[in-house]
Amino acid sequence: MIDRKGRLFGKINIIDLIFLLILIVALVAGVSRYRNSSVSVENQTKGKMTLLVDNIREPSVENIIVGEDLYGKEKDVYFGKIVDKNVKPYEDATEYQGEWIKAPVPDKYSVYVDVDVDVTETDKAYMVGGQEVRVGTEYQLKSKSIGFTGVCVGISVDGE
């Protein structure tokens, strides 16, 4: 079956055959994974996502501009459009006379950013911009004016 040169049936090298089989298995696994995770555009609905951008300075607050489009920082995929922002003084926990209190930090702000998004509902999660979104998860986003990390503090889908 295998000759002195390591060829199977005298035609193909056994090492090449093993490599070819591994390649075929990897391709089949990859195709089946992406086929099962495909998302239909037909299931897309409009929604609103609220992101908290915490502990930032005033120049950063000013560069979060209502009306700008947001994109994922790494994959550069469209995420949504900024429709509103709510700026509040940033508060941090500090110890004061033996008790923990929340006190404002000078020149630091918390910004709640409302983003209109196209939401696709799967059996596992909501998808926005090709990624799963959940309350409490951080997202690296950018616009023409700024890049920031925002934590999802709320998501709503029209009709719910």
Side-chain angles (χ1 to χ4, degrees), residues 19 22-160:
F19 176 75
I22 291 172
L23 183 64
I24 290 171
V25 168
L27 285 173
V28 169
V31 167
S32 66
R33 178 177 178 183
Y34 284 107
R35 183 178 18 197
N36 291 341
S37 68
S38 65
V39 176
S40 171
V41 177
E42 297 170 6
N43 296 338
Q44 279 191 347
T45 58
K46 296 291 182 188
K48 185 171 284 185
M49 189 170 173
T50 303
L51 300 167
L52 172 60
V53 185
D54 233 356
N55 193 13
I56 61 174
R57 298 175 305 135
E58 188 171 347
S60 296
V61 172
E62 292 172 3
N63 280 309
I64 298 175
I65 300 171
V66 173
E68 280 195 340
D69 291 330
L70 287 178
Y71 297 88
K73 231 178 201 177
E74 291 180 16
K75 296 183 181 177
D76 208 25
V77 175
Y78 180 74
F79 198 80
K81 182 179 283 290
I82 300 173
V83 292
D84 193 20
K85 72 176 180 181
N86 185 3
V87 181
K88 296 184 177 186
Y90 175 69
E91 295 182 339
D92 198 6
T94 185
E95 187 177 357
Y96 178 72
Q97 296 181 349
E99 291 185 31
W100 287 95
I101 60 168
K102 282 196 125 187
V105 177
D107 301 323
K108 295 286 186 159
Y109 300 93
S110 294
V111 181
Y112 291 88
V113 180
D114 290 332
V115 182
D116 274 346
V117 292
D118 291 326
V119 179
T120 304
E121 187 174 354
T122 67
D123 56 342
K124 296 179 184 177
Y126 290 125
M127 303 279 289
V128 174
Q131 63 182 336
E132 293 181 357
V133 292
R134 291 186 173 81
V135 171
T137 303
E138 287 186 349
Y139 298 96
Q140 299 280 325
L141 301 170
K142 65 181 178 180
S143 69
K144 287 194 305 188
S145 305
I146 190 169
F148 61 85
T149 300
V151 176
C152 178
V153 293
I155 186 165
S156 63
V157 177
D158 291 350
E160 287 188 9

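Within a 6.0 Å radius of CD in E95, more than 12 heavy atoms belonging to other residues, nucleotides or ligands are found.
Among pairs with a residue in residues 43-73, those fulfilling ring-ring contact (aromatic ring centres under 6.0 Å, His included) read Y71-Y78, at least two apart in sequence or across chains.
Between K85 and V66 the shortest heavy-atom distance is N-CG2, 4.1 Å. Among all heavy-atom pairs drawn from E132 and Y139, the shortest one is O-OH, 3.3 Å. Between K73 and L141, the shortest heavy-atom distance links the atoms CE-O, 3.8 Å. Of all heavy-atom pairs between S110 and Y90, the closest is OG-CD1, 3.4 Å. When all heavy atoms of V133 and F79 are compared, the pair lying nearest together is CG1-CZ, 4.3 Å. What you find for Y109 and R57 is that their closest heavy atoms are CD1-C, 4.1 Å.
With sequence neighbours excluded, the residues that form a side-chain hydrogen bond (donor to acceptor under 3.5 Å, both in side chains) with S143 are E68.
No donor-acceptor pair under 3.5 Å is formed between the side chain of K75 and the backbone N or O of G129.
Taken to the nearest 0.5 Å, the CG atom of L70 stands 7.5 Å off from the CG atom of L51. For the atom pair I101 CD1 and D92 CG, the distance stands at 11.0 Å (nearest 0.5 Å). Here the straight-line distance linking atom CD of E62 with atom CD1 of I64 works out to 10.5 Å at 0.5 Å rounding. Note that CG of L52 is 10.5 Å distant from CZ of F148, once rounded to the nearest 0.5 Å.
A 4.5 Å side-chain heavy-atom check between I82 and I65 finds every atom pair outside the cut-off. Using a 4.5 Å heavy-atom cutoff, the side chains of E121 and T45 are not in contact. Here the side chains of K48 and V83 are in contact, with some heavy-atom distance below 4.5 Å.
Residue D69 is tested with K81, K144, K142 for a side-chain hydrogen bond (donor to acceptor under 3.5 Å, both in side chains); the sole match is K81.
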Derivation of the side-chain contact (heavy atoms from CB on, under 4.5 Å) call for Y126 and M49: CA-CA 11 Å; Y126 290 125; M49 189 170 173; over 6 Å; no

Per-pair distances, 0.1 Å, donor-acceptor, side chain in residues 112-119, under 3.5 Å, sequence neighbours excluded:
residue, atom, partner, partner atom, Å
D114, OD1, T50, OG1, 2.8
D118, OD1, K46, NZ, 2.8

